[in-house]
Amino acid sequence: MSRQANRGTESKKMSSELFTLTYGALVTQLCKDYENDEDVNKQLDKILFSHFLPRGYNIGVRLIEDFLARSNVGRCHDFRETADVIAKVAFKMYLGITPSVTNWSPAGDEFSLILENNPLVDFVELPDNHSSLIYSNLLCGVLRGALEMVQMAVEAKFVQDTLKGDGVTEIRMRFIRRIEDNLPAGEE
Amino acid sequence: MTVHNLYLFDRNGVCLHYSEWHRKKQAGIPKEEEYKLMYGMLFSIRSFVSKMSPLDMKDGFLAFQTSRYKLHYYETPTGIKVVMNTDLGVGPIRDVLHHIYSALYVELVVKNPLCPLGQTVQSELFRSRLDSYVRSLPFFSARAG
C-alpha cells in the first residue's frame with residue numbers, strides 16, 4: 001500500500017468534548033425544530049431524503065464504507081461475528097469505547113450492546129419536558145444504515161438509558177433478514 | 001504493461017464511474033449497454049464461482065484473463081465493485097483496487113455530503129485524482145497518452 005493510502009486511512013484525532021458538544025447542539029436544534037420528542041427521536045434515527053441533513057441512517061450508509069476502507073474487516077459469517085465486530089472494532093474506532101455484547105436470544109438473532117459509559121451524554125441531563133426524548137437515538141440509525149449496506153436488515157433500539165436513570169445504556173439489536181442481491185431490472 | 005480501462009459499480013449495478021486510458025478498440029455498442037453487459041457478466045460469474053467452490057469462499061472471484069487482456073475484480077462487503085482491465089503482464093493488483101476504493105472513492109465521494117450515492121460520480125476532484133493515481137502506477141505504460 002502506498003504512502004498516500006496510509007495518510008488517508010490514518011485515524012485523525014479530535015477532541016471528544018468538541019464532538020460531544022456538537023452532538024448536543026444537533027439534538028438541541030432538533031428539539032427546537034420539532035414539536036414533540038417522538039419526532040425528534042424519529043429524526044435522529046431516520047431516513048431523511050436530503051443529502052444535506054445526514055443523520056443516523058444516512059450517516060450509517062456512508063460510515064460503513066469508511067469503516068470497511070479503514071478496518072480491512074471482511075464479510076461476517078454469522079450474526080455473532082457481526083456483533084463482535086460492531087462492539088470491538090466499530091465502537092472502538094468511532095467512539096473510543098468497547099461495549100459488551102450480552103443477552104443473546106436463544107435463536108441467536110437478538111443481542112444487547114451494553115455501554116458502560118456513553119460519550120454522547122457526558123454533559124447531558126434531560127430536562128423534565130423532554131422525558132421521552134431518546135437522546136442518543138442517532139446511534140440506532142447509524143447501526144441500521146450501516147448494516148443494511150452489508151445486506152443485513154436489523155432493528156436497533158434503546159432499552160436502557162443512563163439519562164433515564166438506568167444503571168447502564170443498552171441498545172437492543174434484532175436481526176430481521178438477509179437482503180439478497182438482485183440483478184437490476186430487465187437483465188435476466 | 002498497460003491499463004486499458006476501469007469501471008466502478010455500486011451494489012445495484014449502477015456504473016458510478018468509467019474511465020479509459022489505452023483502449024484502442026471500442027465494443028461497438030452504446031456505453032450504457034456495455035456497462036450493463038459488464039455488470040451482468042460479473043454478477044453471473046460471481047454467483048457461478050461461489051456455487052462451484054469446493055470450500056467456503058473467502059474473497060471469491062479475483063480476476064480472469066483472455067489471450068489479450070486481464071480483468072481484475074475487487075468487491076467490498078457493501079457491494080462496491082472495482083473492475084480494471086489491463087494487459088497480460090500485470091500481476092495481482094488487489095492493493096491497487098483497494099486503494100482506489102478506500103483512498104479515492106471513500107475519501108472523495110462517500111465523505112463528500114454533496115455527492116449523492118448511487119449515481120454517476122460528478123466530482124471532478126475524484127476524476128482527476130483517479131486519473132493521476134492510475135497514471136502513476138508502475139505498470140501504467142509511459143508511452144501513448
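In this text, all values refer to a predicted model and were calculated from it rather than measured experimentally. Letters A, B, ... are given to chains in the order of the sequence lines, protein chains preceding strands, and every chain is numbered from 1.
Listed options A:Leu68, A:Leu63, A:Val73 were ranked by heavy-atom pairs under 4.5 angstrom with chain B; first place goes to A:Leu68. Here A:Glu65 is the residue among A:Gln151, A:His77, A:Arg75, A:Glu65 with the most heavy-atom pairs under 4.5 Å with chain B.
Side-chain atoms of B:Arg23 do not come within 3.5 Å of backbone N or O of B:His4 as any donor-acceptor pair. Between the side chain of A:Asn118 and the main chain of A:Leu120, a donor-acceptor pair closer than 3.5 Å is present.
Contacts of B:Asp10 with chain A are absent, with no heavy-atom separation under 4.5 Å from either backbone or side chain. For chain A, no part of B:Arg94 is nearby; none of its heavy atoms comes within less than 4.5 Å. Only the backbone of B:Val109 comes within less than 4.5 Å of a heavy atom of chain A; no side-chain atom from C-beta onward does.
By the 4.0 Å N-to-carboxylate-O rule, B:Glu33 lies too far from B:Lys31 to be salt-bridged with it.
For B:Tyr35 against B:Cys15, the heavy-atom pair with the smallest separation is CD1-CB, 3.6 Å.
A continuous path of Ile, Leu, Val, Met, Phe, Trp and Tyr side chains, each step under 4.5 Å between heavy atoms, connects B:Tyr39 with B:Tyr69, placing both in one hydrophobic cluster.
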